[in-house]
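Right, one structure below, let's go through it.
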Amino acid sequence: MKYLLPLFLIMSFYSSARDFWPNKKVSISNKIITQEGLDAAEFNEMYSRTTSDLRKEYVQEAIQLMMAGALGPEALKMITTFDDRVYDRRQVSKKGMGNTLAGHFRSALARINEEYEFEGGNPKVRMSSRTEDYDASIVWGASSHAQIYAILTVKNKRTGMTKSYSAYSHVSRVGVIGKQLALQVFHSAHATQFPTTLEVGYRKMKVSGIRTYTSRGYTQYKTLIDQVSNYCRSKGARLPSVNELTSLFSRGLYHGGLSMGQKTEWAAMNHGMRAYVNSQYPQGNTGSLTDSPFNRTITYFCVKE
């Protein structure tokens, strides 16, 4: 009996995780609530020094003002006025940042859908002002050296579950933050829950999960592919063929959680020969398998029919 409760909790967690992004198309509320969080730059400025250090700094400022002709009370008032002015200017500079981040997230998600989706303009994840499945909020704040961080929280209105995504960048590249958040949401919603069954042609293939293998030192491509192929055989499975792999990609990037990617190299077999597939060689490459890249990572999955 003592093992039943932990097993129940694990199964419940797994089921709940699968329920967050259902297979159907979903909508996120276009009204994104924004809130300013910790001003990390201000926090660092105040707490990187001791109270004694800060007191000495204020005393030194007062001495300099009095040497310039100000009286004691006048010096104290001037210091307070300067501090208030700095604070006010910081607040003005941050005005509208939350709405700006939300706007960049919306526009980035729209661009990503246009770039990757091939379902007649009807993407899986969209923003809506009417029938929303999810609420969204952004907590943002300033960091040192004019860096901005943002934490996006998406809430499933049906289950109450939440997922959070974070990004940061220099304020001059605030649009990058919106794109990073949008990509994370997009990837999260499209990712396949493993194990899964994929259908290619008239055959159904079972996939336990996507794996990666990184070489240590200089290793030939053919050695890398042999190693991951041997792993699949040890599990009673095999690597997919180039045709099977590219067929999955041709359905639209990220459908089924698979992406050819700009730098991703997938292991495959081509008429019984080793091959790897990437955006440069979508039909597979067997000509440079003797190349010896340093610490190269190859991505693969094993299939069972």
Side-chain angles (χ1 to χ4, degrees), residues 20-21 28-58 60-61 79-116 125-127 134-156 161-191 212 214 254 259 261-264 295 297:
F20 188 85
W21 295 113
I28 299 175
S29 174
N30 199 52
K31 184 179 180 181
I32 300 176
I33 299 172
T34 64
Q35 178 183 352
E36 183 180 354
L38 172 70
D39 186 331
E42 183 76 14
F43 186 92
N44 181 67
E45 182 181 347
M46 295 304 297
Y47 284 92
S48 62
R49 294 169 292 173
T50 66
T51 303
S52 178
D53 291 334
L54 292 171
R55 187 183 301 115
K56 290 176 182 178
E57 182 178 307
Y58 284 126
Q60 186 62 36
E61 289 178 359
I79 292 173
T80 304
T81 301
F82 292 153
D83 283 351
D84 289 345
R85 187 177 180 186
V86 170
Y87 176 81
D88 291 342
R89 292 189 64 181
R90 281 187 169 178
Q91 299 313 304
V92 171
S93 68
K94 293 188 289 187
K95 186 177 181 180
M97 180 60 72
N99 290 334
T100 300
L101 289 167
H104 280 300
F105 170 76
R106 295 188 196 96
S107 62
L109 184 60
R111 289 196 303 272
I112 293 166
N113 282 333
E114 291 172 4
E115 183 175 357
Y116 291 117
V125 181
R126 61 187 177 87
M127 307 297 294
Y134 298 83
D135 288 328
S137 60
I138 291 178
V139 175
W140 67 274
S143 187
S144 57
H145 307 296
Q147 298 280 329
I148 298 294
Y149 69 86
I151 302 170
L152 171 71
T153 299
V154 180
K155 180 180 179 180
N156 185 317
M161 293 175 59
T162 63
K163 280 186 177 292
S164 294
Y165 312 89
S166 61
Y168 70 94
S169 183
H170 190 270
V171 68
S172 62
R173 303 175 69 239
V174 67
V176 172
I177 301 177
K179 184 175 182 180
Q180 289 176 346
L181 293 174
L183 277 171
Q184 290 177 59
V185 169
F186 188 87
H187 291 178
S188 177
H190 285 71
T212 59
T214 302
Y254 297 104
S259 166
Q262 293 297 317
K263 299 180 180 179
T264 307
N295 283 6
T297 296

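Excluded from the calculations below are hydrogen atoms, water molecules and symmetry mates; all remaining heavy atoms, backbone and side chain alike, are included. Note that the structure is predicted; figures quoted are calculated from it, not measured.
- With rounding to the nearest 0.5 Å, the separation of CH2 in Trp21 from OH in Tyr134 is 5.0 Å.
- In plain terms, the two heavy atoms of Ala108 and Ala182 that are nearest each other are CB-CB, 3.7 Å.
- The nearest pair of heavy atoms linking Gln147 to His170 is OE1-N, 3.4 Å.
- Side-chain contact between Leu181 and His104: absent, with no pair of heavy atoms (C-beta onward) separated by less than 4.5 Å.
- Shown here for Ser29 and Met127, the closest heavy-atom pair between the two residues is O-CE, 3.3 Å.
- Distance check: Arg111 CZ to Lys179 NZ gives 7.0 Å after rounding to the nearest 0.5 Å.
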With side-chain contact (heavy atoms from CB on, under 4.5 Å) as the test, would you mind laying out the steps for Leu152 and Gln184 before giving the verdict?
CA-CA 10 Å; Leu152 171 71; Gln184 290 177 59; over 6 Å; no
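- Scored by the side chain to side chain contact (heavy atoms under 4.5 Å, CB included) test, Thr214 finds Arg216, Thr297 as partners (sequence neighbours excluded).
- The NZ atom of Lys155 sits 7.0 Å away from atom CG of Asp135, with the distance rounded to the nearest 0.5 Å.
- Interatomic distance, Lys163 NZ to Thr153 OG1, rounded to the nearest 0.5 Å: 12.0 Å.
- With a 4.5 Å cut-off on side-chain heavy atoms, Leu101 and Ile177 count as touching.
- For the residue pair Trp140 and Thr34, no side-chain donor N or O sits within less than 3.5 Å of a side-chain acceptor on the partner.
- Using modelled atom types and a 3.5 Å distance limit, the side chains of Tyr168 and Ser143 yield no donor-acceptor pair.
- Contact check for Phe105 versus Val185: side-chain heavy atoms found under the 4.5 Å cut-off.
- Considering all non-hydrogen atoms of both residues, Arg106 and Ile32 come closest at NH2-N, 3.8 Å.
- For Ser169 against Val176, the heavy-atom pair with the smallest separation is OG-CB, 4.3 Å.
- Side chain of Tyr149 to main chain of Leu38: a donor-acceptor pair is present (N/O by atom type, distance under 3.5 Å, no hydrogens or angles).
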